[in-house]
Number of protein chains: 2
Amino acid sequence: MNGQQADEAVRTALSAEEEGIDFALIELLFFAYRDFTSDPDVILADYGFGRAHHRVLHFVNRRPGLTVAELLEVLRITKQSLARVLKQLIDAGHVVQVQGPRDRRQRELYPTAKGRALALALALPQSRRIRAALEEAGPADRAAIERFLKAMVDPDLRPQIDKRPRAGGGGREGK
Amino acid sequence: MNGQQADEAVRTALSAEEEGIDFALIELLFFAYRDFTSDPDVILADYGFGRAHHRVLHFVNRRPGLTVAELLEVLRITKQSLARVLKQLIDAGHVVQVQGPRDRRQRELYPTAKGRALALALALPQSRRIRAALEEAGPADRAAIERFLKAMVDPDLRPQIDKRPRAGGGGREGK
DNA sequence: AAATTATGTCAATATGACTGACATAAATTC
DNA sequence: GAATTTATGTCAGTCATATTGACATAATTT
């Protein structure tokens, strides 16, 4: 219930080690991401979906035709974790699977029109938040922010960032 | 297995709506945070702790003396979710509870020396990643990044960001 | 004295993740 | 052509983190 004097010593000793730690940005990243991800939750609840569904749908929409293996790499989860979520998205008609044209073992994933609509609806509030946050920022500021976030990603995983759908290929609707 | 023509139309139609969506920053935030949070996981595993423990320990360390209610507000979780994690941190000797001096119903939370050491060890790789990401950034860039992240937080929750321990008060070691 | 507040706790449940094992079909290698 | 590897799917069990709802206690406020 006391020990004020002894602690002061401990606190001082630790402060030296804490010097180099960038607590400011560590916390800002936490707070920013906390609220950034809170936006779509309300919409997802209407569909009985969670954040896992959001992540899957987002990347299927953004990289139509990506394979299950690619999706697992991007999300950094196991296939067992993906299984239920992906099945629910397929059953609900938001995502379709197509046998790979080159390698018929592969399953290419495509959003349906319904899936695209939901992906868009989920991205909208997040995009609005970003736009508002950049209100006062100039082009140079935006570039700096992008560079920083890109540099925060593991170097060996950075190729994932820019991967986009092969040009010319649209989505696929049905079976 | 086909439907290439029809889809093209759908894709074009949606592209118009997608115009305004800032997918670039949405994905950068996802990738940056994914890898940012992956750093401490290895250390946590040694202690049998998870990310929830990390978050609690971080804020107890950074805001020594904060109450249970304040912690719940910051983490945006329910007290039932906090209960087990907090109990484990207390049992393991990383956090101590002290009856509030003004309001004796409150429980002020403080890190022990052990807790501070662990909080620091967890912050270190994250701080290193941030430093590396800012390698090429100037002071103006850093300021822009901080402004952006701050602006991403819900306006009504922004006061949480700057809340820091009352000056003069150190940690508390034991009973 | 009554109401409210801060915290703790019990019980049940949901979500999202994990490991390990095994099955199938298709591609690759020998 | 047979054997191996690869991509995917699936079953079973488990764990971590979160939820809601209900109730208990002690201390503060009204």
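So you know, we letter chains A, B, ... as the sequences are listed, proteins then strands, and number each from 1.
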**OP:** Would you mind telling me which of A:H94, A:R84, A:Q88 makes a side chain to side chain donor-acceptor pair (under 3.5 Å) with A:H53?
**Re:** A:Q88

Original post:
Does atom CD of B:Q80 have more than 12 heavy-atom neighbours from other groups under 6.0 Å away?
Top reply: yes

**OP:** Provide, to the nearest angstrom, the distance between the NZ atom belonging to A:K87 and the P atom belonging to D:dT8.
**Re:** 18 Å

Original post:
Could you give the CG-to-P distance, from B:L75 to D:dA16, as a whole number of Å?
Top reply: 19 Å

**OP:** Measure from CG on B:L57 to P on D:dT17 and round the result to the nearest Å.
**Re:** 13 Å

Original post:
For the pair made of CG in A:L72 and C1' in D:dT6, what is the distance, rounded to whole Å?
Top reply: 14 Å

Subject >> Spacing of B:E108 atom CD relative to C:dA6 atom C1', expressed in whole Å >> reply: 13 Å

Subject >> Distance, rounded to the nearest Å, where A:D41 contributes CG and D:dA18 contributes P >> reply: 13 Å

Original post:
Rounded to the Å, how far apart are A:L71 CG and D:dA7 P?
Top reply: 15 Å

Original post:
Centres of the B:Y33 and A:F31 rings: under 6.0 Å?
Top reply: no

Subject >> Short side-chain N/O contact from A:Q106 to OP1 or OP2 of D:dT6, under 4.0 Å >> reply: no

Subject >> Annotated protein contacts, base or backbone, on nucleotides 16-26 of chain C with a non-hydrogen cut-off under 4.0 Å, one of B, S, - each >> reply: BBBBBB----B

Original post:
Can we say A:R129 and B:D154 salt-bridge, meaning some charged N sits less than 4.0 Å from an Asp/Glu carboxylate O?
Top reply: yes

Subject >> Pairing of A:E27 and B:R62 as salt bridge, 4.0 angstrom limit >> reply: yes

Subject >> For B:F49, the option from B:L118, B:D41, B:I43 that meets side chain to side chain contact (heavy atoms under 4.5 Å, CB included) >> reply: B:L118

Original post:
Whole Å only: how far is the CG atom of B:L109 from the C1' atom of C:dG8?
Top reply: 13 Å

